[in-house]
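Owing to the predicted nature of the structure, the values given are computational and were not obtained by experimental measurement. Whatever order the structure lists them in is the order used to number ligands and atoms, beginning at 1.
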Amino acid sequence: MKEIDPWDVKEVKDYDQLMKSLGVDSFSQYTKKLKNAPIEIRRGLVLGHKDFSKIQESISKKKKFAILTGLMPSGAFHFGHMSVINQVIYYQKLGAEIYLLSADLEAQLVRNIDEQKARKIALEEYLLNYLALGLKKKNLHFYFQLNGPRKFKEYQNLSKLASAKTTFNEVKAIYGDITPQKLISALTQTADILYPQLEGIKTTLTPVGFDQLPHGNFSRDLASRMKFSLPCFTFHKLIPGLQGPTTKMSSSKPESYISFDDSEKEVENKIRKYAFSGGGATLAEHKKHGGNPEIDVSFLWLKYLFEDNDKKLNEIYNNYKSGSLLTGELKEILIEKVNSFLKEHRKKREKAKKELNSIIS
Ligand code: TRP
């Protein structure tokens, strides 16, 4: 399991191999089955799962289920963060009860971010953007780890009592050598993941990035020893950072991402200057041999974030591959998409400001 360190994400080169070695099932059978699914699911960004059949059954039989996922309040909200929330909104529309938490305890323990700062980031960067993206207040239970959810006492006790159900050897096998504060964070995350069950909802899904896989395994092991139902998971690939198909967007590296607060000019500059190109080395070569869309960050962003229309995406793919569409032109398509998205989004965010207060009070 040490292939993945949830506190220091390294880029995964071979997802198939990783899934095989860590016992994650392929999500592909559900990619087409789920109706009106968001782009992340339709285009295969969501790649793996544990026990998703239980969720599929709840959806088709209209049985109650909950989504629980968390956000790390450690910096600007950027496009790398959008994949999770689009899935959450999709399941909310399907009737799921939504549990969302701000991992402010973890941020303090592991990233040295104090409570006040984490609170500001969670509300102004994350929650506000979530609402603007379409998350609804109805059926939404939002909490901070430091304040806890409604049943705070049971939640806190659960995170501590879970410690009796594991050993240092197991912790080491799952996480490698970790510090006491990381162990506390991991136990708290297990309490988060099992929390909807304390409110009586036995079927839960936690959609997360692949970096969170160790927590998935840990929480399922602990759940089975504490008479909880096994929580279900989906795992999505991380959207690449601007520097290349296997780089990550990092909150501490503004040139690696586009944030929801970047201006039109910044969007233009970042994409023109940094977006890694899969195009030919020279114009002549590109025209002759074409480009490689699979490693081109502008193309990958269109595929996983911005170009909803399959026909248009295919056209872009084919034209780029054949060389008739140039790198500069591809970048302009992306710039246009990002800026028109952000323009609309900013209007929605103004409206969402009013809603924000009523959620936390
Ligand atoms: N560890 C997660 C992160 O780094 C945050 C988190 C805390 C979380 N508790 C959770 C995610 C429960 C999913 C479910 O982003």
Side-chain angles (χ1 to χ4, degrees), residues 1 4-10 46 48-51 55 65-78 80-85 87-88 91 96-113 115 118-119 121-122 125-127 130 140-149 152 155-156 158-159 162 174-175 178-179 181-199 201 204-220 222-223 228 230-239 248-252 257:
M1 181 50 97
I4 301 180
D5 176 350
W7 294 285
D8 184 15
V9 192
K10 301 263 187 313
V46 179
H49 76 96
K50 285 182 187 275
D51 266 355
I55 302 302
F65 69 106
I67 300 296
L68 177 130
T69 194
L71 56 99
M72 175 70 106
S74 62
F77 186 76
H78 59 60
H81 299 120
M82 206 162 73
S83 331
V84 173
I85 196 61
Q87 295 174 64
V88 171
Y91 294 116
E97 215 53 42
I98 307 296
Y99 290 83
L100 264 183
L101 66 104
S102 167
D104 55 355
L105 174 68
E106 183 179 6
Q108 191 164 325
L109 289 175
V110 181
R111 308 253 186 261
N112 208 10
I113 295 172
E115 181 172 6
R119 188 181 177 86
I121 293 174
E125 289 290 331
Y126 285 77
L127 208 47
Y130 285 8
L140 173 64
H141 313 264
F142 178 79
Y143 68 91
F144 296 91
Q145 283 180 328
L146 286 165
N147 292 332
F152 188 32
Y155 165 77
Q156 272 211 315
L158 176 56
S159 68
I174 294 179
Y175 294 102
I178 57 171
T179 59
Q181 55 274 41
K182 286 181 180 169
L183 179 55
I184 297 285
S185 299
L187 290 164
T188 305
Q189 184 149 344
T190 285
D192 291 327
I193 290 165
L194 301 181
Y195 180 71
Q197 298 192 43
L198 292 178
E199 292 201 355
I201 308 179
T204 71
L205 172 69
T206 293
V208 278
F210 262 98
D211 56 308
Q212 299 293 305
L213 178 54
H215 294 306
N217 288 348
F218 193 47
S219 65
R220 282 168 62 90
L222 293 172
F228 280 89
L230 290 187
C232 312
F233 287 85
T234 59
F235 301 104
H236 58 83
K237 291 193 279 186
L238 304 182
I239 302 218
K248 60 170 182 169
M249 290 188 227
S250 157
S251 295
S252 57
Y257 62 78

Between Val208 and ligand 1, find which residue part has any heavy-atom pair under 4.0 Å and reply side chain, backbone, both or neither.
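The answer is the side chain.
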Applying a heavy-atom cut-off of 4.0 Å, say which part of Leu101 lies close to ligand 1: side chain, backbone, both or neither.
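The answer is the side chain of Leu101.
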Audit row: Ile193, Gln189, side-chain contact (heavy atoms from CB on, under 4.5 Å) steps and yes/no
CA-CA 6 Å; Ile193 290 165; Gln189 184 149 344; 3.9 Å; yes
Element-labelled atoms of ligand 1 that are located less than 4.0 Å from some non-hydrogen atom of [X]:
X	value
Gln212	1 (N), 2 (C), 3 (C), 4 (O)
Gln145	7 (C), 9 (N)
Asp192	7 (C), 9 (N), 10 (C), 12 (C)
Ala103	5 (C), 7 (C)
Leu68	12 (C), 14 (C)

As a test of understanding, state which of Leu146, Val110, Asn147, Asp192 forms a side-chain contact (heavy atoms from CB on, under 4.5 Å) with Leu105.
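Output: one option passes, namely Leu146.
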Taking [atom] as the reference point, the nearest protein heavy atom with its distance:
atom	answer
atom 15 (O) of ligand 1	Met72 CB, 3.6 Å
atom 5 (C) of ligand 1	Glu106 OE1, 3.6 Å
atom 11 (C) of ligand 1	Gly70 N, 3.4 Å
atom 7 (C) of ligand 1	Gln189 OE1, 3.4 Å

For the 3.5 Å polar cut-off, considering only N or O atoms, please tell me whether Thr69 and ligand 1 meet it.
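No, there is no polar N/O contact under 3.5 Å.
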Give me the ring orientation class for Phe142 and Phe144: parallel if the planes are under 30° apart, tilted from 30 to 60°, perpendicular past 60°.
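Plane angle over 60°, so perpendicular.
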Kindly assign one of parallel, tilted or perpendicular to the pair His215 and Trp7, based on the angle between their ring planes and the thresholds 30° and 60°.
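The rings of His215 and Trp7 stand perpendicular, inter-plane angle above 60°.
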Go through the side-chain N and O atoms of Tyr91 and Gln87 and say whether any donor and acceptor fall under 3.5 Å apart.
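The criterion, which ignores hydrogens and geometry beyond distance, is not satisfied for Gln87 and Tyr91.
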Can the ring centres of Tyr130 and Phe77 be said to be less than 6.0 Å apart?
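Tyr130 vs Phe77: aromatic centres under 6.0 Å.
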Would a distance-only check, ignoring hydrogens and angles, find a side-chain to backbone donor-acceptor pair under 3.5 Å from Thr206 to Leu68?
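Yes.
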So, Asp51 and Arg220, do they make that salt bridge, N to O below 4.0 Å?
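A salt bridge is present here (some side-chain N lies under 4.0 Å from a carboxylate O).
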